[in-house]
Amino acid sequence: MSNSEIRMFIDGKECVGSRGDTILEVAKKNDVTSIPTLCWMKGLSSIGACRMCVVEPEGSGRMLTACTSPAEDGLRVNTSTENLVSYRRQVLELLFAGRNHFCMFCSQSGDCDLQTLAIEHGMDSVRYPFLYAPFENDTTDVRIQADHNRCILCQRCVRTCSEKVGTCTLGMKKRGWIMTIEADFGSTIGQSDTCVECGACAQVCPTGTITLRNLAYRGRRRDCDAVVDTICPICAMGCAIKVYVRTGSIVRVEGTNVNGPDGGQLCAEGRFALPYSSEQPRVVHPMVRTGSTFRTVSWGEAIDVIGSKLKEHRGSGKMGALISSLATDEELAVFSSFREAVGIRTANYNDGSLRGFYAGIKPFVDQGVCPFTAAHNILNADMIVLVEADPQKILPVAASYVRVAVLHRAARLIHVGSGATPFPGITDLEVKNLFDPKLTGMLKGAKKPVFLLGASVLSNPVAVTKALNFAIEHRAFFGDGLGIVPLLGHSNVLGAMNTIMSKEDWLGGEEQDFLYVYSTGMVPESSKALSAMSRSGFTVIQTPFLLPPISNLGDVLLPAPAWFERSGHLCTLEGERRQLSKILDPVRGLKGFGEVLQALCEKVGVKMGNPSTSPCENVFASKISPDLAKQVEVDEELERSTQPALAGRLPREA
Amino acid sequence: MAKPKVASVWLEACAGCHMSFLDMDERLLDLFSRVEITSTPISDIKEIPEVTVGVIEGGLGNEEELHVARDLREKCKILVAWGDCAVFGGINCMRNFIKPEDMLREAYTDTVSTVNPSGVIPHVDLPPLLPQAIPVDRAVKVDVYVPGCPPDADTIAWVFNEILEGRIPKVPSQMMRYD
Ligand code: SF4
Ligand code: SF4
Ligand code: SF4
Ligand code: SF4
Ligand code: FES
């Protein structure tokens, strides 16, 4: 028996735990499921607010809250004595008597932990006087509602908002029975300056208090036809999600990574755009433009039209393809083969940033070191340096990491750039340039700094290289690579960088004779991309949703499977390739990307090679320990073109 | 042996519980063979006789309902509260946040859809309101609670069966619902 090991008895069962564990933790480790909880939540601090988890140490007549009481060696507790059960029922009755619960029209009825527990405890009446105190229903926010009539003051929302999202929007006001949660010290959720509408509070709320307004009443969990584990396909955080499906619609999306660094949070996009996406109008048939309208055609005819254009322009050097950087590795690989076969230039939605980034990191990749670190390592940094970077806009959950590191882990936050810091109030230093002595001075005291690079830095190879040199100079070394987090937005930017990134910026240049666009319809196309689409001689647009502007821009419009109809892999910035799984059966008559490209090759009379993908872990994994990375020389000439925030040099030590 | 008698009343509620009772379908025939149904909202006897089982659907919101609840309590051996309104007060209690007068004014004159130019609020023809709508057990003792809005027909059938077999049932968790 190791020193830290303890043995205790729960309902007579011998349970092993470690010193420092709470009774509840020991119970969980030993598969004891007889302790009900309400305010406790995995991954959040324990506050012992609800008293559902009470247990009785044998022979003491006392009650202990299992979620906060330390387990002790030799301790014997019971979890389900008559006394405890009746105590818990009293607690539940008091919760019902103190607020205004009308389950018959509550959107969470059937999915509510309070209701479930009350029923489990046989609460067939309430013996205490109902208070009928009037509480408000905060409907100030268009997406998130807080009906205080149903709140049990468990503070799961408050703790999640602080400990996981780091906005610290929610708090408690007043005391006793009239205590309520509040936003921004006396404000409402709708009027809050700090709330990022991530909906994490609604996901953890065990009652019908905080709910997502447009997603309420879409179906209880148990009424859903399917539940699928997959990832959010929007940004490169690739947050793990559980998707609930009912009658062919996505009705609810929940973050599942509760044990992971993100704690199961999602951002507003993932939370709301994903469920709405299954309600959007679809492109269901191939369509060919005739004048100002489209004519529905068969797949055969569509392939004929596109194939003849392909033949006509082959070898003209003015054929291009713009592929979404939200496409899966598998789709990108198929396209690479297609590109080889027909000879077509490619670009992706993030080409600008990626090209600069790739050139800038190349010398470090060549050394065998991964030039960036998993985004969640922001949580392990003691100093976070934002270089023209606003993670909330690009990788929202990474912004949570920044806030949490600063607020709960005492990391220092520095903003480098021409504008104001995106984290007002928690930024320790704001400077214009990375070589500012105030910053380099502070960095001397840092053990593990991390640098977040924004788009204007990423598109500039010299700036990227200099940032990496700077990171090495300041010992920004993490287990997996150098302490750089590039704010590259789309879900498979790294995959795109591996496969279809073009060497030169042709997209904004001369008109194309032929342009093939593959969109996932989940992010808006840039104005540069849209202008290329409207300026090219012949444009094929394959997209899942019939949504302007792009559904109006093609000469041929092809249906594409939507994210929920596809599966494959995405290279996330969380340091791993993650699996996107199919959720719904594709709408009838849909053809996948590969199938269409194969048909086109046959039409043109070329053979497509076997597509292969290399998982991004293999492409970028460090082959040497990151602290062995060496700084590289930056060409004096090129130096002049540096992004302003990186102009300058470190004073060289003599 | 004479069949045990059952009486039921529909107080402040939507009649959903009695609908759920009718949802027992063919099991009703079996029940009718075992009990004698006396006064109910769906039969013609209006005076509550002495019965074995009294059933109340609905909360208590006015003097008349209070009177009926007391009357039934006196005349029955086992009193069953059917549904969230009878058990917890239910939706009727949403008026408890404001005074009865304000509630009447809201209902009979102030609502946008109401046309009542002379502002008449019913008073003679309606029994006086209680200050608050209350669950049945705030006025009389209840023996069996059957929450649900409405309770399932299965639960209602199960409760009758238990009582007829001589037990005072407590609805088990698997059957209990609040919606
Ligand atoms: S929060 Fe739960 S207990 Fe309260 S009304 Fe809603 S479903 Fe019922
Ligand atoms: S939506 Fe997110 S940021 Fe806003 S209050 Fe809820 S948890 Fe906090
Ligand atoms: S709003 Fe929900 S999560 Fe927050 S304290 Fe109330 S019941 Fe708990
Ligand atoms: S942070 Fe990115 S991956 Fe996560 S939910 Fe938001 S958009 Fe989706
Ligand atoms: S779960 Fe332990 S007190 Fe709430």
Side-chain angles (χ1 to χ4, degrees), chain A residues 34 36 80 82 85-86 88-89 92-137 147-150 152 177-178 207-208 216-217 219-223, chain B residues 13-14 16-17 20 56 59-60 79-100 102-103 130-152 155 158-159 168-179:
Chain A
S34 53
S80 312
E82 214 173 292
V85 173
S86 103
R88 291 188 192 123
R89 176 172 160 172
L92 290 161
E93 285 178 54
L94 285 167
L95 289 173
F96 275 83
R99 293 275 158 144
N100 306 301
H101 295 270
F102 299 99
C103 296
M104 63 291 274
F105 63 81
C106 176
S107 68
Q108 292 308 296
S109 187
D111 276 330
C112 165
D113 292 354
L114 174 67
Q115 187 190 66
T116 306
L117 279 169
I119 288 175
E120 277 170 13
H121 284 78
M123 192 190 89
D124 63 358
S125 62
V126 169
R127 291 164 290 177
Y128 303 100
F130 289 98
L131 297 187
Y132 302 118
F135 287 95
E136 275 186 26
N137 182 6
D147 187 345
H148 300 290
N149 287 289
R150 299 167 182 157
I152 56 168
W177 285 111
I178 54 166
T207 67
Y217 302 108
R220 298 168 180 166
R221 288 188 187 84
R222 64 160 182 261
D223 294 337
Chain B
C14 69
C17 296
S20 206
I56 298 184
L60 312 179
L79 184 65
V80 182
W82 258 1
D84 279 11
C85 296
V87 171
F88 301 121
I91 208 155
N92 315 294
C93 294
M94 295 196 83
R95 78 156 162 101
N96 294 353
F97 304 104
I98 53 174
K99 293 202 206 82
D102 295 343
M103 190 260 297
L130 302 179
Q132 290 197 322
I134 52 173
V136 174
D137 69 359
R138 299 307 192 256
V140 299
K141 181 173 172 291
V142 170
D143 303 302
V144 182
Y145 293 93
V146 192
C149 188
D152 293 325
T155 312
W158 178 85
V159 165
I168 300 290
K170 198 171 151 22
V171 176
S173 298
Q174 310 82 272
M175 284 190 181
M176 204 188 290
R177 60 186 300 161
Y178 299 156
D179 61 358

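Chain letters run A, B, ... following the sequence lines, proteins first, then strands; residues in each count from 1.
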How long is the straight-line distance from [atom2] of [Y] back to [atom1] of [X], given to the nearest 0.5 Å?
X: A:E120; Y: B:M176; atom1: CD; atom2: CE; value: 11.0 Å
X: A:M104; Y: B:I91; atom1: CE; atom2: CD1; value: 5.5 Å
X: B:M175; Y: A:D124; atom1: CE; atom2: CG; value: 13.5 Å
X: A:C103; Y: B:R177; atom1: SG; atom2: CZ; value: 10.5 Å
X: A:M123; Y: B:Y178; atom1: CE; atom2: OH; value: 3.5 Å

Under 4.5 Å from a heavy atom of chain B, the part of A:A133 involved: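 Interface part for A:A133: backbone (N, CA, C, O).
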
- prompt: Do A:F102 and B:C93 touch side chain to side chain, with heavy atoms closer than 4.5 Å?
  reply: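 Yes. Closest side-chain heavy atoms under 4.5 Å.
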
task: List the atom of A:G122, the atom of B:S173, and the distance in Å for their closest heavy-atom pair.
output: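 Closest pair (atom of A:G122, atom of B:S173, distance): N-OG, 4.1 Å.
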
- request: May I ask you to decide if B:V87's main-chain N or O and A:S125's side chain share a donor-acceptor pair within less than 3.5 Å?
  value: no

query: Highest number of heavy-atom pairs under 4.5 Å with chain B: which of A:Y132, A:F105, A:F130?
result: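 With the most close heavy-atom pairs to chain B, the winner is A:Y132.
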
Please state whether the side chain, the backbone, both or neither of [X] comes within less than 4.5 Å of a heavy atom of chain A.
X: B:A86; result: neither
X: B:Q132; result: side chain
X: B:N96; result: both

field: Crowding at NZ, B:K99 (>12 non-hydrogen neighbours, <6.0 Å)
entry: no

- line: Expected contact set for residues 135-144 of chain B against chain A at heavy-atom separation under 4.5 Å reads B:P135, B:D137, B:R138

